[in-house]
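Both ligands and their constituent atoms are indexed starting at 1 by order of listing. Excluded from the calculations below are hydrogen atoms, water molecules and symmetry mates; all remaining heavy atoms, backbone and side chain alike, are included.
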Amino acid sequence: MSEALVLATTTGPVRTLTLNRPAALNSFTAAMHVQLRGALDEAADDAAVRCLVITGAGRGFCAGQDLNDPEMSGDVEDVVERLYKPLALRIRSYPVPVIAMVNGVAAGAGANLALGCDLVIAARSASFIQAFSKIGLVPDCGGTWLLPRLVGRARAIGLAMTGDKLGAEEAERIGMIWRCVDDASLQDSTLALANKLAAMPVKALAQTRQIIDAAMPMDYAAALSQEAQVQGGMSRAGDFAEGVAAFLQKRAPVFKDR
Ligand code: T3D
């Protein structure tokens, strides 16, 4: 049997995927990419999963590409195109909300994997490093798109050029991540957030992500038109009827769409 490089656990409606190469700070090999892709597909196909959490085993979240992996000496453009790009796109179009639970250092593609998730919750001891510049590369796994949108051009350029470590507290302060919490409460805080999202109309949450991203290059009128069109679709789905009925009947809603 092949080594479990990605562990999947389920707690109610929440599926947690744990990158599992702790001795190398969960850095990516081609094999780990394949297992992560399989685990993402499996969770997406499981109607009982209503929120996904991605985290790392041991003291790190993910140190990006494994610099010892034989893929490194191959065609790097092909590796990025074939492995990192589909991963980044998959998370950005996932059918349910995706939370990065950053338990430790997130470097290179590992940092941008986290930043591409819908919500990033990090332990106070965790950190983010755009490590690419230190080894003569440029940010990938979505970093060039994500960073300026999250923190503005000045900070994006500063972080990407210096490759300096940014602590979780500062990452929260500058709006790069959703929350920084005490290490001891990371798991509980994440599960509470994941359960909260899982109980919401997750189809509408996934659509919210889609249209916020799509609106980035649009003018105001185009964004308003997009909202009208997608709102029309959402209003015909079951969750809308349930949400309104629950409100009028003064009861808790039970959302099912995905
Ligand atoms: O195909 C392509 O390459 C294109 C794709 C590129 C995407 C990228 O992600 S490029 C960026 C790759 N990542 C890095 O450059 C980060 C390298 N790692 C570090 O700079 C440091 O490890 C950290 C700052 C992340 C953490 O430092 P520290 O002092 O807490 O830990 P450490 O001692 O450096 O690492 C612990 C172990 O993990 C160590 O192994 P050892 O000596 O105990 O056997 C170290 O070699 C290993 N490790 C950490 N990062 C990687 C790694 N092994 C392989 N690849 C890594 N990226």
Among D75, L25, D78, L113, closest by any non-hydrogen atom to atom 49 (C) of ligand 1
L25
G74 near ligand 1, heavy-atom distance under 4.0 Å?
no
Is any N or O atom of G110, backbone or side chain, closer than 3.5 Å to an N or O atom of ligand 1?
no
Can you check which of A107, C62, P22, A63 brings a heavy atom nearest to atom 14 (C) of ligand 1?
A63
Min over K165, E77, R59 of heavy-atom distance to atom 32 (P) of ligand 1 lands on R59
Suppose I only count heavy atoms of A23 and a 4.0 Å limit; which atoms of ligand 1 are within that range?
37 (C), 38 (O), 40 (O)
Any N or O of G108 that comes nearer than 3.5 Å to an N or O of ligand 1?
no
Please indicate whether any nitrogen or oxygen in N68 is less than 3.5 Å from any nitrogen or oxygen in ligand 1.
no
Which segment of C141 sits under 4.0 Å of ligand 1 when only heavy atoms are counted
neither
I'd like to know if E169 and R124 make a salt bridge, using a cut-off of under 4.0 Å between side-chain N and carboxylate O.
yes
Hey, is D66 touching ligand 1 through its side chain, its backbone, both or neither, going by heavy atoms under 4.0 Å?
both
Aromatic centroids of F61 and F128 separated by under 6.0 Å:
no
In ligand 1, which numbered atoms sit nearer than 4.0 Å to a non-hydrogen atom of D140?
5 (C), 6 (C), 7 (C)
Close N or O approach (Q65, ligand 1; < 3.5 Å)
yes
Considering the heavy atoms of V80, write down every atom of ligand 1 situated less than 4.0 Å from one of them.
4 (C)
Can you find an N/O atom of L67 closer than 3.5 Å to an N/O atom of ligand 1?
yes
Taking 4.0 angstrom as the limit, do D140 and K85 come out as a salt bridge?
no
Give the contacting part of K134 toward ligand 1: side chain, backbone, both or neither, where contact means a heavy-atom distance below 4.0 Å.
neither
Checking R149 now: which residues fulfil salt bridge (charged side-chain N to carboxylate O under 4.0 Å, His left out) with it, not counting sequence neighbours?
none
